[in-house]
Asker: 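Just passing along the structure, written as structure tokens.
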Amino acid sequence: MGTFLQVILRSLETGSLYALGALGIIIIFRTSNVTNFSHGVVAMFNTFVVTYFFMNWGLPLGVAILLGIISAIIVGILIDLVVIRHTKKVSEMGKQIVTLGLIMVVLGITPVLFGVDPLRLPKLIEQGNLSILGADISYNGLFNIVFGILIMVGLFYVLQKTKIGLAIRATASNEHTAKLMGVPTETVTLGAWAVAGALGVISGVMAAPMTSVTLNLMDEIQVNALVAVVLGGFQTFYGPVIGAYIIGVGRNLLLYYVSSVWGGQILYILILVFLVFRPYGLVGKKIVKKV
Amino acid sequence: MKTKLYKNPYLQFVLLGILLALIPILANAGLIKVSHITTLGGTFIFAIAALGLNLLLGYSGLISLGTAGFMGLAAYFSAYFTVDLGLPFELALILSVVIPTLLGILVGLVSLKIEGIYLAIATLAVAEVMKKTFEEFDFFTNGFSGKTADYPTLLGFFTLDRTTMYYFIVAVMIVIMILTYNLVNGRLGRALNAMRGSEAASQAMGVNLLKHKLVAFALATAYASVAGVLYVHFIRYSYPTVWNMGLSLNFLAMIVIGGLRSIYGTLLGTFIVFAVPDLFLKQLPYFDQLSYVLNGVLIILVIIFYPNGLIFAGRDIKKLFTKKKEVK
């Protein structure tokens with residue numbers, strides 16, 4: 001029982017990482033209709049920024065993270081202003097390729113700015129363990145779980161209950177009509193990129209202490225977040241989040257109880273098979289295309 | 001109606017082949033470095049895989065991020081068949097192309113049934129599975145220490161060396177170019193073109209969408225597999241780190257920069273992405289990273305401002321001049 005609970009708690013921690021990633025991807029997809037493959041590497045870049053301020057300037061971790069979030073917002077806005085805004089007439093496939101091009105740019109620039117050595121970023125809460133029913137979880141892990149959920153609850157509150165959220169949802173459902181109704185869709189999209197960037201760097205800072213800060217820091221999270229979006233469906237904001245937690249839990253259960261090497265791969269194959277039977281994801285509906 | 005002989009596309013391909021085959025002679029004469037033959041051979045191998053991806057992306061608008069994964073799979077298979085099992089090269093070639101292609105069809109069947117946009121993500125997941133396989137499946141891939149292979153022996157007695165292997169690669173590439181030319185100008189190409197124009201309209205005309213998308217994806221996988229086999233027998237080793245996401249992205253860069261739906265464009269793109277940094281920019285510091293940034297920027301610029309690709313640059317410039325003359 002103890003180990004099972006332990007596995008579940010760990011899964012919730014990784015699940016919230018994936019969920020933050022998936023949320024960032026779906027926010028951008030819904031507002032600017034771009035499947036953002038570069039979400040992970042941009043988050044990786046900003047995590048490097050945090051690490052840089054923390055290690056080279058000796059700033060407290062909290063301040064460094066704040067600066068990282070600011071940098072993430074700036075980078076997100078820049079990407080939208082400089083690149084994405086000019087792709088209005090480009091096909092959906094072209095937009096995907098543009099984000100793939102962004103990956104190459106970021107992957108190339110990062111080592112030039114920050115060097116090629118892997119860096120370390122400590123946990124936000126260094127010490128302390130909590131025991132629940134024989135399962136151990138560090139305060140930091142608990143913090144990640146709770147903080148992730150809090151961010152998501154906050155975002156969903158904004159989306160569903162505020163005027164800004166209404167503008168975002170209007171843009172997401174039909175950009176053209178929203179524009180006619182007086183929604184500043186360009187500003188909404190800009191904001192979406194900024195928010196997604198911030199979500200990215202937060203998940204990056206959470207993930208960094210588990211390994212080290214390298215170019216591949218966010219690869220796994222990026223792949224899992226994308227798969228989570230597919231699993232949850234592209235039509236809602238909450239579907240990908242559910243998908244992300246399912247992947248987090250499923251992955252760790254398979255890793256622990258089935259195979260410590262192949263668990264993750266088995267999960268991908270299971271999800272692909274699942275999609276054959278429910279092609280539009282857990283909560284998705286078929287998109288009817290009009291000719 | 002008389003068509004000029006030099007405008008015959010098949011003749012052009014053959015001429016290109018002969019031209020490329022002259023390069024080792026230049027190297028023998030000391031005009032270029034011998035190591036450049038390896039670079040150019042590698043370029044042509046990558047061009048083969050890029051041609052397959054161009055069929056898929058250019059004609060059916062589907063993105064695959066698994067090119068490097070399938071190429072690597074074929075490379076490992078071929079090394080395993082020839083070195084560990086001692087099979088003749090020809091048989092190994094056929095098996096190492098057929099097995100990944102069947103796997104590709106299976107992946108395509110799952111993801112194409114759903115929605116085109118899913119193929120990119122599904123192939124991304126498959127690429128992750130394969131990367132893990134290359135790293136962990138020791139007895140087959142030799143793990144992180146990498147797998148080695150030899151120059152192939154054709155027909156049981158004709159053992160190739162670097163230069164003859166280069167000729168072999170050029171020959172295979174030209175054959176595949178001609179094959180691609182025939183495919184895209186035949187029934188398949190017409191169906192794919194109709195699909196690109198309007199899926200609904202082409203469906204109404206009796207084009208089976210799933211079947212044709214699947215054929216395009218299978219061809220892309222088969223081309224990548226051929227490239228993988230050639231790679232492992234030309235470079236003669238295969239590490240898990242070679243077949244990473246970055247290589248798949250580079251393939252995408254090659255065809256987008258060079259020109260979608262263009263055979264020569266693919267070759268040009270491969271040359272820009274793969275050979276130019278290796279031949280000319282190697283002296284610069286951080287040249288790996290910088291060439292990567294350059295490719296990324298080029299992709300974005302080409303997609304936004306010049307969606308046909310750089311192969312049409314010459315023609316467009318020419319048009320610009322002739323137009324000016326007419327105005328005068």
Side-chain angles (χ1 to χ4, degrees), chain A residues 29 35 37-38 82-84 86-113 116 215-216 219-220 222-224 226-227 229-230 234 261-262 264-269 271-273 275-276 278-281 286-287 289-291, chain B residues 57 61-63 65 106-107 109-111 113-118 120-122 124-133 135-137 198-201 204 244-246 248-250 252-253 255-257 260 285-286 288-305 307:
Chain A
F29 180 81
T35 319
F37 285 95
S38 66
V82 178
V83 182
I84 302 297
H86 303 283
T87 58
K88 279 269 149 64
K89 287 184 188 138
V90 174
S91 67
E92 205 166 307
M93 171 198 79
K95 287 181 186 174
Q96 285 191 31
I97 297 175
V98 165
T99 67
L100 292 168
L102 278 175
I103 296 185
M104 302 174 89
V105 175
V106 176
L107 276 185
I109 286 177
T110 311
V112 178
L113 290 180
V116 285
L215 289 180
N216 308 20
D219 285 4
E220 194 197 311
Q222 170 72 20
V223 174
N224 281 311
L226 275 173
V227 176
V229 175
V230 175
F234 279 91
V261 176
W262 302 103
Q265 329 304 321
I266 295 171
L267 183 71
Y268 289 145
I269 293 165
I271 289 173
L272 282 180
V273 173
L275 285 174
V276 176
R278 260 199 86 87
Y280 298 92
K286 188 171 166 56
I287 314 158
K289 274 188 205 150
K290 285 180 190 161
V291 182
Chain B
L57 179 62
L62 298 165
I63 300 176
L65 296 173
L106 204 66
V107 174
L109 208 57
V110 171
S111 46
K113 237 182 114 176
I114 311 166
E115 181 92 16
I117 190 176
Y118 286 7
I121 298 171
L124 184 69
V126 170
E128 283 293 303
V129 175
M130 283 194 200
K131 201 180 95 193
K132 193 82 178 168
T133 312
E135 285 167 8
E136 301 286 347
F137 215 39
S198 160
E199 292 206 342
N244 59 11
M245 197 71 245
S248 289
L249 290 179
N250 267 336
L252 206 67
I255 59 175
V256 170
I257 295 171
L260 288 174
Y286 284 114
D288 257 345
Q289 282 82 13
L290 288 178
S291 71
Y292 216 54
V293 172
L294 189 72
N295 291 339
V297 172
L298 266 179
I299 289 189
I300 296 171
L301 290 180
V302 167
I303 284 274
I304 296 177
F305 297 109

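In what follows, every chain begins at residue 1, and chains take the letters A, B, ... in the order their sequences are listed.
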Asker: Tell me, with the steps shown, if B:Ile299 and A:Val105 meet side-chain contact (heavy atoms from CB on, under 4.5 Å).
Answerer: CA-CA 10 Å; B:Ile299 289 189; A:Val105 175; over 6 Å; no

Asker: For the interface with chain A, which of B:Leu252, B:Val302, B:Leu260, B:Leu301 has the highest count of heavy-atom pairs at distances below 4.5 Å?
Answerer: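 Among the listed options, the one with the most contacts to chain A is B:Leu252.
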
Asker: Taking the six-membered ring for Trp, are A:Phe29 and A:Phe234 parallel (under 30°), tilted (30 to 60°) or perpendicular (over 60°)?
Answerer: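 Rings of A:Phe29 and A:Phe234: tilted, 30 to 60°.
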
Asker: Counting only pairs under 3.5 Å, give me each side-chain donor-acceptor contact of residues 97-104 of chain A, with atom names and distances, residues two or more places apart or in other chains.
Answerer:
unit_1	atom_1	unit_2	atom_2	d
A:Thr99	OG1	A:Thr35	O	3.4
A:Thr99	OG1	A:Phe37	N	3.3
A:Thr99	OG1	A:Gln96	O	2.7

Asker: So what's closer than 4.5 Å to chain A heavy atoms on B:Val256: side chain, backbone, both or neither?
Answerer: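 It is the side chain, since no backbone atom gets that close.
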
Asker: Which residue out of A:Val90, A:Thr87, A:Val261 racks up the most heavy-atom pairs below 4.5 Å with chain B?
Answerer: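 Max contact count across the listed options: A:Val261.
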
Asker: Return the minimal non-hydrogen interatomic distance between B:Ser198 and B:Ala201, and the atom names on each side.
Answerer: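 Heavy atoms only, the tightest pair is OG-N, 3.0 Å.
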
Asker: With sequence neighbours left out, write down each residue that passes side-chain hydrogen bond (donor to acceptor under 3.5 Å, both in side chains) with A:Glu220, or none if nothing qualifies.
Answerer: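 Counting only residues at least two positions away or on another chain, A:Glu220 forms a side-chain hydrogen bond (donor to acceptor under 3.5 Å, both in side chains) with A:Tyr18, A:Arg251.
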
Asker: Let me know if B:Val126 has heavy atoms under 4.5 Å from chain A in its side chain, its backbone, both or neither.
Answerer: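 For B:Val126, the side chain is the part near chain A, not the backbone.
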
Asker: Examine whether an atom of B:Leu65 lies under 4.5 Å from a heavy atom of chain A, and if so say whether it belongs to the side chain, the backbone or both; otherwise answer neither.
Answerer: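 For B:Leu65, the side chain is the part near chain A, not the backbone.
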
Asker: Less than 4.5 Å to any heavy atom of chain A: does that hold for the side chain of B:Ala253, its backbone, both, or neither?
Answerer: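 The side chain, not the backbone.
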
